[in-house]
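Since the structure comes first, as structure tokens, the remarks are kept for the end.
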Amino acid sequence: MPMGKIVSRFAPSPTGFLHIGGARTALFSWLIARSRGGEFRLRIEDTDRERSTDEATRAIIDSMKWLGLDHDGEIVHQSERADRHNEVIDQMIASGHAYYCQCSKEDVDAMRERAMAEGRKPKYDTTCRERGLTSGAVRLKAPLEGATAFRDMVKGPIVVENAEMDDMILRRSDGTPTYNLAVVVDDHDMGVTTVLRGDDHVNNTPRQILIYQAMGWDVPEFGHVPMILGPDKKKLSKRHGALSVMEYEKMGYLPEAVCNYLARLGWSHGDQELFTMDEMQALFNPDNLGSSPSVFDLTKFEWVNGQYMQKADPDRLAGLLCDFLAREVGAEEAAKVDRATFAKIAPLLQPRAKSVVDMLEQARPFIMDASFLHYDEAAVRKFLTDETKPLLEAVARRMQALPEFSEASLEAMHKAFIEERGIKFKEIAQPIRVAIMGTTQSPGLFETMAVLGREQTLARLERALAL
RNA sequence: GUCCCCAUCGUCUAGCCUGGUCCAGGACGACGGCCUUUCACGCCGUUAACAGGGGUUCAAAUCCCCUUGGGGACGCCA
């Protein structure tokens, strides 16, 4: 455990979008820094020029920003640091911790196959170790005996026999540094004290520690979080939810909800399910990270999002509704509905909507003109009958005469009306609902009518009467 | 093949380190009910798990060993 300020990092390779698994790793790294008042750095591992794209880099940065995972300092691009990496490799050669190797790919493959056949670990057989070559690829002169141990923040103590590891390549014969070397040099140069990353790196860790030791550098603390599984318990794939973070944005999920769900997937704080970003920062502790893989459950994710939809500021939701509508029908068309209108509708829909998209869907009958309202056929047949229509007509007349068209006055008016007629509210509620909304489901009638306003309400009643 | 990791309700998990308070708690879901002007929300209840086997111990979900099952790694990819 580092004594001073902790520095954590997230270091994705820009070969694709930031998916949900990567986002969780980023979130945990961010949390561990923020919870301990440390720094959180971002490094793009773009040394694989073939597969890295600027588009992916941008997508990762956008996703992080959207999630609210702010980073400190400049973004480091690994590809720009090759000189420094080579400098370190040269130092290791000079100090005798690394050596040149001229074995061909075929030679090494043959070695591996032979070892495999004999039931041994496939590894490089150190042929070039003492040949004193002065060119070729560069390998680490790894210790042949002993063991390398570290205490993983999530998995506990891990020990690997040095005999299990081979002399890994540090610099390829084309002069480019390899991943394991670059990671160590960059983490060291960036002052990283805490490395939280995916499970698939546990095996790399002892190798990397060997490099730290060869250079005489402080070894950071490591933590490896298990991966996220799909409902079939297989590695999460595009099929079931390994979507890019921005896909969830498009589906109308709120960023805090995404963080909350992701945080609870593999981390816990007693029985608490819901955490604000501030609470997460205050309560996060790597000791509570789980060590077994977890299944991504869209149903629970939706529930979490629904909770955040309920608690969200209506005005914020209104802004989102405007944005989503604009995406759908274009800015010009969307401008016909103002934010204030959505701000009035949002509170009615908050307990009912699982997402922004869902809310926009439910807001539709509110924002369209009476003349375009869609009437559900079955609902019309059932509720707009010869018995109910006269009632609706009478109610409409009273609405017209109402001095003030508010939720309270509407309620009072309806109450008086049913008392006079000696009927139950139930008898007119659904007919009214179908008449003004076109369906049998909507928020409370009085609040709905109040939001609609007198003009729209009456226009809809009129249209319904004519059906 | 070798090495590493993992294993509590269908799912996310608490408990495990520091055995007894656990005939295992919470949450999502499912089911039933309440509320109610519909749909939601909310509330109440039901359902359902310590992978298996051996130890250690007065006592084990908790400690040890084995088995099984799952995953990962073994690249001049990252």
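Below, chain A is the first sequence line, B the second, and so on; all start at residue 1.
Sorted by first and then second residue, the pairs that involve residues 97-109 of chain A and meet salt bridge (charged side-chain N to carboxylate O under 4.0 Å, His left out), not counting sequence neighbours, are A:K105-A:D109. Each salt bridge (charged side-chain N to carboxylate O under 4.0 Å, His left out) pair with one or both residues in residues 179-189 of chain A, not counting sequence neighbours, appears once here: A:R9-A:D187, A:R43-A:D186, A:R43-A:D187, A:R81-A:D186, A:R81-A:D189, A:R84-A:D189.
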Under 4.0 Å protein heavy-atom contact, by nucleotide of nucleotides 63-78 of chain B - B base, S sugar-phosphate only: --------SBSBSBBB
Please encode protein proximity along nucleotides 19-29 of chain B as a string of B, S and -, counting only heavy-atom distances under 4.0 Å. ------BBBSS
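Checked against salt bridge (Lys or Arg N to Asp or Glu O under 4.0 Å), A:E361 has the following partners two or more places apart in sequence or in another chain: A:R364. Shown here are the ring pair (Phe, Tyr, Trp, His ring centres under 6.0 Å) partners of A:F425, two or more places apart in sequence or in another chain: A:F446. The side-chain contact (heavy atoms from CB on, under 4.5 Å) test applied to A:E113 returns no partner, not counting sequence neighbours. Among residues two or more places apart in sequence or in another chain, the ring pair (Phe, Tyr, Trp, His ring centres under 6.0 Å) test is passed with A:F284 by A:F28, A:W267. Applying the side chain to side chain donor-acceptor pair (under 3.5 Å) criterion to A:R421, with sequence neighbours excluded, gives no partner residue. Residues passing the salt bridge (Lys or Arg N to Asp or Glu O under 4.0 Å) test with A:K300 are A:E273, sequence neighbours excluded. In this view, A:Y253 and A:Y248, A:F301 satisfy the ring pair (Phe, Tyr, Trp, His ring centres under 6.0 Å) rule, not counting sequence neighbours.
In this entry B:A78 has no Watson-Crick or G-U wobble partner, no candidate having both defining distances under 3.5 Å. The base-pairing partner of B:G69, taking Watson-Crick or G-U wobble contacts with both distances under 3.5 Å, is B:C6. Of the nucleotides present, none pairs with B:C39 by Watson-Crick or G-U wobble criteria with both distances under 3.5 Å.
In this structure the side chain of A:L274 never reaches within 4.5 angstrom of the side chain of A:E279, judged on heavy atoms.
Counting any heavy atom pair closer than 4.0 Å across all strands shown, A:G444 reaches a base atom.
Contacts between residues 343-353 of chain A and RNA chain B, defined by a heavy-atom separation below 4.0 Å, involve A:P351, A:R352, listed by number.
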